[in-house]
Amino acid sequence: MGDISLRDRCYKLIARIPRGRITTYKEVAEALGIKGYRLVGMFLSRNPRPVEIPCHRVVKSNGDVGGYIFGVEKKIELLRSEGIVMKNRKIENLQRYFFRLK
DNA sequence: ATATTGACATTTA
DNA sequence: ATAAATGCCAATA
């Protein structure tokens with residue numbers, strides 16, 4: 001009773017990321033208190049509400065965009081529309097847009 | 001109950 | 001530089 005699944009906590013965290021800012025799978029995992037980074041990707045691949053839960057704002061630590069339910073191209077388009085500058089499918093300086101969760 | 005999965009990250013070759 | 005191996009762990013089957 002009252003316990004929220006890790007998955008729902010994950011979605012809650014991501015719902016806080018504002019437009020134009022991004023974070024990483026690693027950051028989300030660490031905020032959840034786990035090191036199984038892949039689990040975050042698993043949760044997001046089953047994102048039930050892509051509008052309220054802006055999972056396109058979660059990218060890889062190395063600047064690659066990572067995956068997306070509606071395709072990587074769509075994810076790139078969304079990020080660009082929010083002002084994220086990308087060079088060859090990669091984000092140059094994550095730091096510039098990084099949103100901390102922990 | 002056990003086995004596999006995943007939109008990752010780090011280390012090693 | 002690229003590629004493979006390894007660690008991670010709740011959720012899913």
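In what follows, chains are A, B, ... by sequence order, proteins preceding strands, each numbered from 1.
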Glu27(A) CD - dA7(B) C1' separation (whole Å): 17 Å

d(CG, Leu6(A); P, dT5(B)) in whole Å: 21 Å

Whole-Å gap separating C1' (dA10(C)) and CG (Leu13(A)): 15 Å

Among dA9(B), dA7(B), dA13(C), the nucleotide that comes nearest once only the side chain of Arg46(A) is considered: dA13(C)

Exam field: side chain Tyr11(A) to backbone Phe43(A), donor-acceptor pair closer than 3.5 Å: yes

Spacing of Met42(A) atom CE relative to dA9(B) atom C1', expressed in whole Å: 17 Å

Any donor-acceptor N/O pair under 3.5 Å between dA7(B) base and Tyr68(A) side chain: no

Passing option when Cys10(A) is tested against Asn47(A), Ile34(A), Val28(A), Leu39(A) for side-chain contact (heavy atoms from CB on, under 4.5 Å): Val28(A)

Sugar-phosphate, base or nothing in reach of Ser61(A), heavy atoms under 4.0 Å: sugar-phosphate

Selection from dA11(C), dC9(C), dA7(B) that lies nearest to any side-chain heavy atom of Ile34(A): dC9(C)

Sugar-phosphate only, base, or nothing, as touched by Gly67(A) at under 4.0 Å among non-hydrogen atoms: base

Rounded interatomic separation in angstrom, taking CZ from Arg7(A) and P from dT5(B): 19 Å

Glu27(A) and Arg100(A): CA distance, side-chain angles, deciding distance, salt bridge (Lys or Arg N to Asp or Glu O under 4.0 Å) verdict: CA-CA 7 Å; Glu27(A) 176 75 2; Arg100(A) 287 204 185 158; 5.7 Å; no

Between P of dC8(B) and OH of Tyr25(A), the distance in whole Å: 6 Å

Side chain of Lys60(A) - closest among dT12(C), dA9(B), dA7(B): dA9(B)

In one Ile/Leu/Val/Met/Phe/Trp/Tyr side-chain cluster, 4.5 Å: Tyr25(A), Leu79(A): no

salt_bridge(Arg57(A), Glu82(A)) N-O dist < 4.0 Å: yes

Nucleotide nearest Lys75(A) (side chain, heavy atoms from C-beta), chosen from dA10(C), dC8(C), dA7(B): dA7(B)

Length of the line joining Leu39(A):CG and dG7(C):P, which is rounded to integer Å: 18 Å

Atom-to-atom span, NZ of Lys35(A) to P of dC8(B) - whole angstrom: 20 Å

OP1 or OP2 of dC8(C) under 4.0 Å from side-chain N/O of Lys26(A): no

